[in-house]
Amino acid sequence: MNSNPIAMDRGRGPEHDEALLAQLSAECERRWPLTAQALHAIHRYAMLPPGKLLRPLLVLESALAVGGDAERVFPAAIGFECAHVASLIHDDIIDHDDIRRGCASVRHYFGLERAILAGDSLFFQWFDALGECLARGVPAEQVAAAMRIQAVTGMELCRGVELELSLGGDIRCGVDRYLEVARLKTAVLLSSACRIGAVLGGTGREPERARTLGEFGEALGLAFQIRDDLLPYDSCPGTIGKPAGSDLRNRRPTLPLLLAYQAGTRDDRALIEHALSTDADCASAHTPVLHVIHRTGAYAASLRIAAEHAGRAYRLLAALPATSSRERLRQLAQTAVSRKE
Ligand code: IPE
Ligand code: IPE
Ligand code: MG
């Protein structure tokens, strides 16, 4: 009997993601075992236990959705988790955050210098994974196409984080610029995970499907980031595994703040302006800001906008053949909005 969920079944049944998740976790354990080697130990700390593994799932399900071979793509799926974790390590440096996934962030635990190096090294592993796909039989031209997508994705991610920095404290920056930050820093990576699953897993002759999956991933990514920016204003922000006060402390004009500012009274606006100013006491500003975000309807409005993007993602998949992988991709779009962490 074949116990490998990828080889065994092209995705029948809702339990399939559970099997893929177990296989991805086992592969992380295998690649980053307990070791005395210093940098490796930091990688293990950062990669395990894993987070939601959304990006690798998108790679694998996208490969399956075009009728492709997820086994050949598996290293690239792990590579996407490396890139994501690298971006989190560097993000916690930029955001000065001490907590990640409920534990000390790499920066806090190992120090700034090692956090920079560990992130850099994981970004290189993202590319090394493509070489493994070549060794598993993916044609060289498909690997070369994937490499280009990854390189552009990495550059866009950096551009997004820089744009976010440049908008610090600017409550008048507008929703469009907020969405551009969300697209560049988050959605582009999810989009590229989907495209690369199709590019590497398929025959290389499905450009339309790869494009559709890329658009799906981008819409999903926007929904995902909007939901992420609402997590600090949920009823139990203490359970999200990262600091609820980070966005305010870093003076980020996130969507709920922008919408509350538009809908609020003069006093609400003054309160938000002050919370984003350099002389605010962010810790004590959090609760009043949370109340304004809920009272003005900005929380509900942000959630609606996230749901619109998730709905668009959902509808885009209609262009793909009706497979169980397509259904699971649809479920992933829905959970982007309903998730609690
Ligand atoms: C957090 O991503 C960073 C964002 C892009 C919003 P995830 O919520 O996917 O993080 P993990 O991997 O599950 O911890
Ligand atoms: C998410 O950044 C995107 C990247 C990691 C580049 P955030 O700062 O919004 O994510 P969290 O809230 O720290 O996970
Ligand atoms: Mg952050």
Side-chain angles (χ1 to χ4, degrees), residues 17 21 24-25 28 45-59 77-108 115 118-119 122-123 126 153-165 167-168 178-193 217-218 220-234 237 239-257 282 302 306 309-310 332-333 335-341:
D17 266 353
L21 285 169
L24 287 163
S25 296
C28 288
Y45 181 89
M47 298 290 297
L48 289 159
K52 295 181 287 297
L53 294 169
L54 172 61
R55 293 135 194 97
L57 278 181
L58 290 174
V59 174
I78 297 286
F80 265 83
E81 187 63 9
C82 292
H84 165 59
V85 168
S87 79
L88 296 181
I89 294 173
H90 286 179
D91 181 63
D92 288 336
I93 295 171
I94 292 166
D95 292 348
H96 307 274
D97 281 336
D98 292 347
I99 309 282
R100 172 66 61 183
R101 295 179 178 168
C103 296
S105 63
V106 171
R107 174 194 83 95
H108 191 52
L122 286 170
F123 276 124
W126 185 25
T153 298
M155 291 186 280
E156 292 200 323
L157 195 155
C158 293
R159 201 151 60 83
V161 176
E162 198 286 326
L163 180 59
E164 179 172 60
L165 285 175
L167 299 183
Y178 162 83
L179 288 174
E180 180 64 354
V181 169
R183 189 181 75 78
L184 288 167
K185 77 168 183 170
T186 298
V188 163
L189 188 65
L190 274 63
S191 169
S192 136
E218 184 173 301
L220 164 61
L222 286 172
F224 192 87
Q225 184 61 49
I226 294 170
R227 176 68 188 117
D228 201 74
D229 290 337
L230 282 172
L231 291 174
Y233 306 110
D234 281 2
T239 60
I240 62 178
K242 49 193 184 185
S246 174
D247 286 343
L248 269 191
R249 176 165 38 76
N250 288 297
R251 308 172 58 232
R252 307 273 191 249
T254 58
L255 187 60
L257 259 66
C282 320
S302 301
H309 288 288
L332 288 174
T335 51
V337 183
S338 60
R339 71 195 176 98
K340 302 283 182 220
E341 57 177 7

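Source: prediction; values computed, not measured. Order of listing sets the numbers, starting from 1, for every ligand and every atom in it.
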Checklist entry - Is the Mg ion (ligand 3) less than 2.8 Å from an N/O/S atom of Asp95, whether that atom is in the backbone or a side chain? => result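 So Asp95 does bind the Mg ion (ligand 3) by this criterion.
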
Checklist entry - Any N/O/S atom of Asp91 sitting less than 2.8 Å from the Mg ion (ligand 3), backbone or side chain? => result yes

Considering only heavy atoms from C-beta outward, does the side chain of [X] approach that of [Y] to under 4.5 Å?
X	Y	value
Leu165	Arg252	yes
Leu255	Ile226	yes
Leu189	His84	yes
Asp234	Arg227	yes

Checklist entry - Taking the six-membered ring of Phe224 as reference, does the NZ or CZ atom of Arg55 fall below 6.0 Å from its centre and within a 45° cone about the axis? => result yes

Next on the checklist: How long is the straight-line distance from CG of Asp97 back to NZ of Lys242, given to the nearest 0.5 Å?
Outcome noted: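 Spacing of NZ (Lys242) from CG (Asp97) equals 9.0 Å.
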
Checklist outcome for this item: Heavy-atom contacts under 4.0 Å to ligand 1, chain-then-number order, include exactly Gly51, Lys52, Arg55, His84, Leu88, Arg101, Thr186, Phe224, Gln225, Asp228, Lys242, Arg339

Checklist entry - Could Arg159 and Glu156 be called an ion pair, given the rule that one side-chain N must be under 4.0 Å from one carboxylate O? => result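 A salt bridge links Arg159 with Glu156.
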
Next on the checklist: I'd like to check which ligand 2 atoms, numbered from 1 as shown, lie under 4.0 Å from a non-hydrogen atom of Asp95.
Outcome noted: 8 (O)

